[in-house]
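Predicted model, so just to flag it, every value in this text is computed and none were measured. Lettering of chains follows the sequences in order, A, B, ..., and the numbering in each one begins at 1.
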Number of protein chains: 2
Amino acid sequence: MDVKTLCLGMLSFGEACGYDLKKRFEALFRHFYSAGYGSIYPALAELADAGLVTCHSVPQEGRPERKVYRITEAGRRQFDEALRTTRPQHKLRSEFLAMIYFAELMQPERLDEVLDERLRELRESEAHIAGLQQAFDAAVPVGVRFVAGFGAALARVAAEYIEQNRHMLSSAGAARAPARRRRTGQPVDLMGTSA
Amino acid sequence: MDVKTLCLGMLSFGEACGYDLKKRFEALFRHFYSAGYGSIYPALAELADAGLVTCHSVPQEGRPERKVYRITEAGRRQFDEALRTTRPQHKLRSEFLAMIYFAELMQPERLDEVLDERLRELRESEAHIAGLQQAFDAAVPVGVRFVAGFGAALARVAAEYIEQNRHMLSSAGAARAPARRRRTGQPVDLMGTSA
DNA sequence: TCAGACATGTAATAAGTTACATGATTAG
DNA sequence: CTAATCATGTAACTTATTACATGTCTGA
């Protein structure tokens, strides 16, 4: 599911211009998918070229014109096909966790800074989703509800985990382990394969 | 934190060849970071060019030679710098959630298939991490423990969420909502902005 | 007056994934 | 005999990110 397919899917809920789509992605997909103008506009142009959407320009007073895109029947078929055949991946790329992995090489202040920043982002994400959920009415598709709840659940647990376990990263534990490794000079058996 | 920096960090725990690094990434980073040979080998070559690691070839009988990489002092400084200054992002790209977002457009069987597949992957991830954790001994760095626990917590909650909420995606709810939209012909207000 | 919303796009760049290419050994 | 493990790499491809480019209106 690339940005192109996602735009197609979004348009199946109703017409929109590129700017609208960006806002919707921002509001609803923020916690699990990102898409900037640099990928949305080219995607819409390609969809139009392929006849999967139509585009009509709407001039406006005092603002730039809107290019409103609407999905075609061919577009709906194409999206349906994508839903049936695309393998839905779920990929996390966390430089945060990668960094924490090396916690013992970090300054305690830096470590706190990184953890606090992540907590702040998680809290913000929780609040954002809570705001969305409050605005949901009966007509909101079940999938939209489901993914919002999913995001809320993950953010809550991630924040709790950090709060409840960050103590193990601080001085107490961090001071001993590296000392031991420096004494022996042996690489750590990180996978338990040599034991 | 790109693959290059991550290789540098891994090498700070002990020397290794590209093949080893791949295995370690696979074992320890699998749930939050992916790196294939196609990114690891070029990364190591660049690190060597920059003098951040040294490389010595070790011929072996009956197997291809190993190119063993060892981090240099300059390399340690560079990695330290990266830990101090890199902004640790945490990015999820979930085509799974994107697909579920459109659940009402999916065939019930396909929906089940997708949910079951994700559950299977989550269970596998949980089992994999549990295996790692059992092999941990006292010398395992605290950061390694922390990220393993983090992954376990997230996988558990994700699986629970799916199991406890998948019912809302099935026929009962899914049948009504789209009907309403088709009757009115109005785009759904997905962000609660027009309410 | 100054930031932010509205609205579109292109081009350069970065980065990773996939496929290709090779080849011996070993366990089932 | 067949698949997996060991071990290295390149090249093409796909994709998204970032910076650039432009300009008005509105609210604080």
Specify the separation, in whole Å, of atom [atom1] of [X] and atom [atom2] of [N].
X      : N       : atom1 : atom2 : value
K22(B) : dA7(D)  : NZ    : P     : 14 Å
L21(B) : dT8(D)  : CG    : P     : 9 Å
E65(B) : dT8(D)  : CD    : P     : 8 Å
Q89(B) : dA16(D) : CD    : P     : 16 Å
I40(A) : dT18(D) : CD1   : C1'   : 15 Å
R66(B) : dT8(D)  : CZ    : C1'   : 12 Å
K91(B) : dA14(C) : NZ    : C1'   : 12 Å
L44(A) : dT8(C)  : CG    : C1'   : 11 Å

### Task
Give the ring-plane orientation class for Y41(B) versus Y37(B), where under 30° counts as parallel, over 60° as perpendicular and anything between as tilted.
parallel

### Query
With a non-hydrogen cut-off below 4.0 angstrom, is G38(B) in contact with a base, only sugar-phosphate, or nothing?
base

### Query
What does Y69(A) touch in the nucleic acid at a heavy-atom separation under 4.0 angstrom: a base, only the sugar-phosphate, or nothing?
sugar-phosphate

Look at [X] and [N] and indicate whether a side-chain polar atom (N or O) is within less than 4.0 Å of OP1 or OP2.
X      : N       : result
R93(B) : dA16(D) : yes
Q60(B) : dC6(D)  : no
K23(B) : dT5(D)  : no

### Query
Does the pair L21(A) and L11(A) meet the rule for a side chain to side chain contact (heavy atoms under 4.5 Å, CB included), with working shown?
CA-CA 8 Å; L21(A) 289 179; L11(A) 291 173; 4.3 Å; yes

### Query
Is the cationic atom of R93(A) (NZ for Lys, CZ for Arg) positioned less than 6.0 Å from the six-membered ring centroid of F32(B) and within 45 degrees of its normal?
no

